[in-house]
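Input: a single structure, listed below in structure tokens.
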Protein chains: 2
Amino acid sequence: MSNKRTKTRHLLLDTVLSLLLAPEGSLLRMIDVAKAAGVTRQTVYDHFTNRSEMLTAAILHFGDQLDVDARLAPSRAAPDGRSRLTAYTQAMLEFFPAIYPLKQSLMRMGPGDEEAKSAWEDRIRAMKEGCAAAVSALKADGDLLDHLTEARATDLYFTLLNMDGWAHCVLENGWPEVEYLAEMQRVTHLALVKP
Amino acid sequence: MSNKRTKTRHLLLDTVLSLLLAPEGSLLRMIDVAKAAGVTRQTVYDHFTNRSEMLTAAILHFGDQLDVDARLAPSRAAPDGRSRLTAYTQAMLEFFPAIYPLKQSLMRMGPGDEEAKSAWEDRIRAMKEGCAAAVSALKADGDLLDHLTEARATDLYFTLLNMDGWAHCVLENGWPEVEYLAEMQRVTHLALVKP
DNA sequence: TTTTTAATTGACATGATGTAAGGTTTTGCG
DNA sequence: CGCAAAACCTTACATCATGTCAATTAAAAA
């Protein structure tokens with residue numbers, strides 16, 4: 001388990017993430033990763049066949065560190081649809097500060113990193129399943145607005161909870177996070193739930 | 001005006017856009033642009049000092065073709081805040097189909113194209129000014145929700161009108177555009193306007 | 001027609017990715 | 001411990017895209 005190989009692999013993965021999340025925002029050349037990890041460029045290639053695979057692995061590694069299940073527990077434990085919606089919205093917004101920098105870095109990555117971006121999309125899709133579950137609970141309670149199907153409501157909810165909107169308000173325009181959360185709670189409820 | 005120089009420049013710009021908007025999605029190497037325009041790679045460099053400047057110019061060129069003022073006229077002509085909000089929302093959503101593919105292409109561009117991305121952000125900022133104007137009109141009518149400042153309301157409106165949300169619903173999940181528009185009208189009004 | 005502008009040709013420097021082969025250190029197992 | 005295998009290092013090379021230069025040819029414009 002605590003192989004040398006897996007140890008170096010983890011070191012490399014951590015290094016990639018730290019470079020990706022660094023405030024300056026690195027170009028993440030292979031040589032940068034190698035140097036920052038105190039290793040040769042070729043060693044990096046010994047662990048990952050190419051840049052894209054390295055990024056992909058880093059994203060997975062990041063996801064593992066995120067403790068998603070624990071942070072989603074309150075949402076799953078919610079007694080009814082309304083409170084489940086509330087809890088899930090809050091959980092999502094609490095993910096954003098950690099996740100957003102990585103998203104930004106990935107978006108800056110060039111073409112030829114499509115694989116990595118796919119891995120990212122997968123993570124995002126997982127978030128949408130949470131949206132679907134919340135909407136489903138709402139529907140089960142008969143609290144979902146009549147004109148919305150579950151699918152439509154899920155899409156809409158997911159749309160409202162977008163990270164770029166969060167970044168725009170909180171990071172670029174200085175909204176206090178609690179205020180953004182409050183607005184999102186208000187808007188999502190208005191958008192989905194019967195009055 | 002119809003110089004040879006400006007003519008080739010336009011040809012190049014059009015070529016860049018057509019490649020950028022092509023369904024397959026090109027990597028847009030300089031040589032691709034040159035070939036597609038029936039011109040030498042060096043000629044491209046004679047018109048644009050580097051890739052980033054070329055992209056930037058292409059974005060501006062794209063904006064010029066978009067006839068923004070005309071499409072925003074209904075919004076400006078609206079008699080009151082509520083109808084202005086409605087008109088602006090509609091105008092924005094009608095921009096998205098044309099704009100989104102370009103955005104996608106730009107996001108795929110590698111690092112070293114920061115300049116081009118800035119040009120893009122500028123265009124987006126201009127859209128936000130429209131949001132601000134609509135919110136302002138609403139406020140003037142006394143129809144803006146009391147707990148929202150103009151700035152907050154503008155941020156929120158802009159957040160709700162996000163292109164990725166549109167793409168998610170309309171492009172990826174097959175919402176009819178009119179249906180998405182209807183939902184956005186509903187949600188933005190609920191989010192901003194006094195009942 | 002002449003002059004000037006635009007485009008071409010071909011060569012070169014740079015910098016990143018990825019491959020390859022052979023040598024050295026470290027690990028871990030008998 | 002001792003030794004084989006795994007991990008890592010060193011060096012070198014192939015490739016490919018960007019960007020630069022200089023000389024030449026083609027074609028507009030005066």
Side-chain angles (χ1 to χ4, degrees), chain A residues 1-16 19-20 22 24-59 105-119, chain B residues 1-16 19-20 22 24-59 105-119:
Chain A
M1 184 57 88
S2 190
N3 246 348
K4 170 117 199 213
R5 184 165 182 82
T6 60
K7 232 167 113 184
T8 332
R9 185 189 161 89
H10 273 221
L11 170 63
L12 287 173
L13 256 20
D14 289 339
T15 306
V16 168
L19 288 178
L20 238 33
E24 330 91 41
S26 143
L27 291 79
L28 207 80
R29 296 166 303 186
M30 301 305 263
I31 185 110
D32 296 329
V33 176
K35 273 188 175 175
V39 137
T40 319
R41 195 168 68 92
Q42 280 59 26
T43 296
V44 180
Y45 279 104
D46 187 42
H47 283 264
F48 312 102
T49 63
N50 54 37
R51 174 199 180 74
S52 202
E53 190 187 304
M54 182 184 74
L55 284 172
T56 305
I59 291 166
S105 291
L106 282 179
M107 293 298 105
R108 279 188 225 290
M109 301 282 80
D113 294 323
E114 295 305 322
E115 198 185 327
K117 287 180 186 171
S118 287
Chain B
M1 188 52 97
S2 191
N3 247 345
K4 170 114 198 214
R5 185 167 181 81
T6 60
K7 233 167 110 183
T8 344
R9 185 189 161 90
H10 274 221
L11 170 64
L12 288 173
L13 255 21
D14 288 338
T15 306
V16 168
L19 289 178
L20 237 34
E24 330 90 43
S26 142
L27 292 80
L28 206 79
R29 297 167 302 186
M30 300 305 263
I31 185 101
D32 296 330
V33 176
K35 273 189 175 174
V39 134
T40 319
R41 196 169 66 94
Q42 280 60 26
T43 296
V44 180
Y45 279 105
D46 187 41
H47 283 265
F48 311 102
T49 63
N50 54 36
R51 174 200 179 73
S52 201
E53 190 187 303
M54 182 184 74
L55 284 172
T56 304
I59 291 166
S105 290
L106 282 179
M107 293 299 104
R108 279 187 224 291
M109 299 284 82
D113 294 322
E114 294 306 321
E115 198 186 327
K117 287 181 186 170
S118 287

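Numbers restart at 1 for each chain; the letters A, B, ... are given by sequence-line order, proteins then strands. What you see below is based on every heavy atom in this structure, not just the backbone, and it leaves out hydrogens, waters and symmetry mates.
- B/Glu115 has its CD atom 15 Å from the C1' atom of D/dT18, to the nearest Å.
- B/Phe48 places a side-chain heavy atom less than 4.5 Å from the side chain of B/Leu13.
- One can place CG of A/Asp32 at 8 Å from P of C/dT17, the figure rounded to the nearest angstrom.
- The side-chain heavy atoms of B/Leu11 and B/Lys7, taken from C-beta on, include no pair separated by under 4.5 Å.
- Side-chain atoms of A/Arg108 never come within 3.5 Å of backbone atoms of B/Met109 as a donor-acceptor pair (strictly under, hydrogens ignored).
- One finds a salt bridge joining B/Arg29 and B/Asp32 here, because a Lys/Arg side-chain nitrogen approaches an Asp/Glu carboxylate oxygen to under 4.0 Å.
- Checking C/dT17, D/dT18, D/dA7 against every side-chain atom of A/Arg29, the shortest atom distance belongs to C/dT17.
- Put simply, the side chain of A/Asn50 gets close to the backbone of A/Glu53: a donor and an acceptor are under 3.5 Å apart.
- D/dA17 atom P lies 14 Å from atom CE of B/Met54, rounded to whole Å.
- For C/dG18, the OP1/OP2 oxygens have no side-chain nitrogen or oxygen of A/Thr49 closer than 4.0 Å.
- At C/dA6, none of the side-chain N or O atoms of B/His47 fall inside 4.0 Å of OP1 or OP2 (strictly under the cut-off).
- Rounded to whole Å, atom P of C/dA7 lies 11 Å from atom NZ of B/Lys7.
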Write out a two-atom table: protein N or O, nucleotide N or O from nucleotides 9-13 of chain D, distance below 3.5 Å.
| unit_1 | atom_1 | unit_2 | atom_2 | d |
| --- | --- | --- | --- | --- |
| D/dC9 | OP2 | A/Thr40 | N | 3.0 |
| D/dC9 | OP2 | A/Thr40 | OG1 | 2.9 |
| D/dC9 | OP2 | A/Thr43 | OG1 | 2.4 |
| D/dC9 | O5' | A/Thr40 | OG1 | 3.0 |

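- C/dA16 atom C1' lies 11 Å from atom CG of A/Leu27, rounded to whole Å.
- For B/Thr56 (side chain) and B/Ser52 (main-chain N/O), a donor-acceptor pair under 3.5 Å exists by modelled atom type.
- Taking atom OH on B/Tyr45 and atom P on C/dT8, their separation rounds to 15 Å, with Å as the unit.
- Looking only at side-chain heavy atoms (C-beta outward), A/Met54 and A/Val44 come within less than 4.5 Å of each other.
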Quick tally for nucleotides 23-30 of chain D: nucleotides whose base has a protein heavy atom under 4.0 Å get B, sugar-phosphate-only ones S, the rest -, giving -----S--

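- Regarding B/Lys35, its NZ atom lies at a distance of 10 Å from the P atom of D/dA17, rounded to whole Å.
- Rounding to the nearest 0.5 angstrom, the gap separating the CG atom in B/Asp113 from the CG atom in B/Leu106 is 8.5 Å.
- Under the side chain to side chain contact (heavy atoms under 4.5 Å, CB included) criterion, A/Asp46 pairs with A/Arg5, not counting sequence neighbours.
- One atom, CG of A/Asp46, and another, P of D/dA6, lie 12 Å apart when rounded to the nearest Å.
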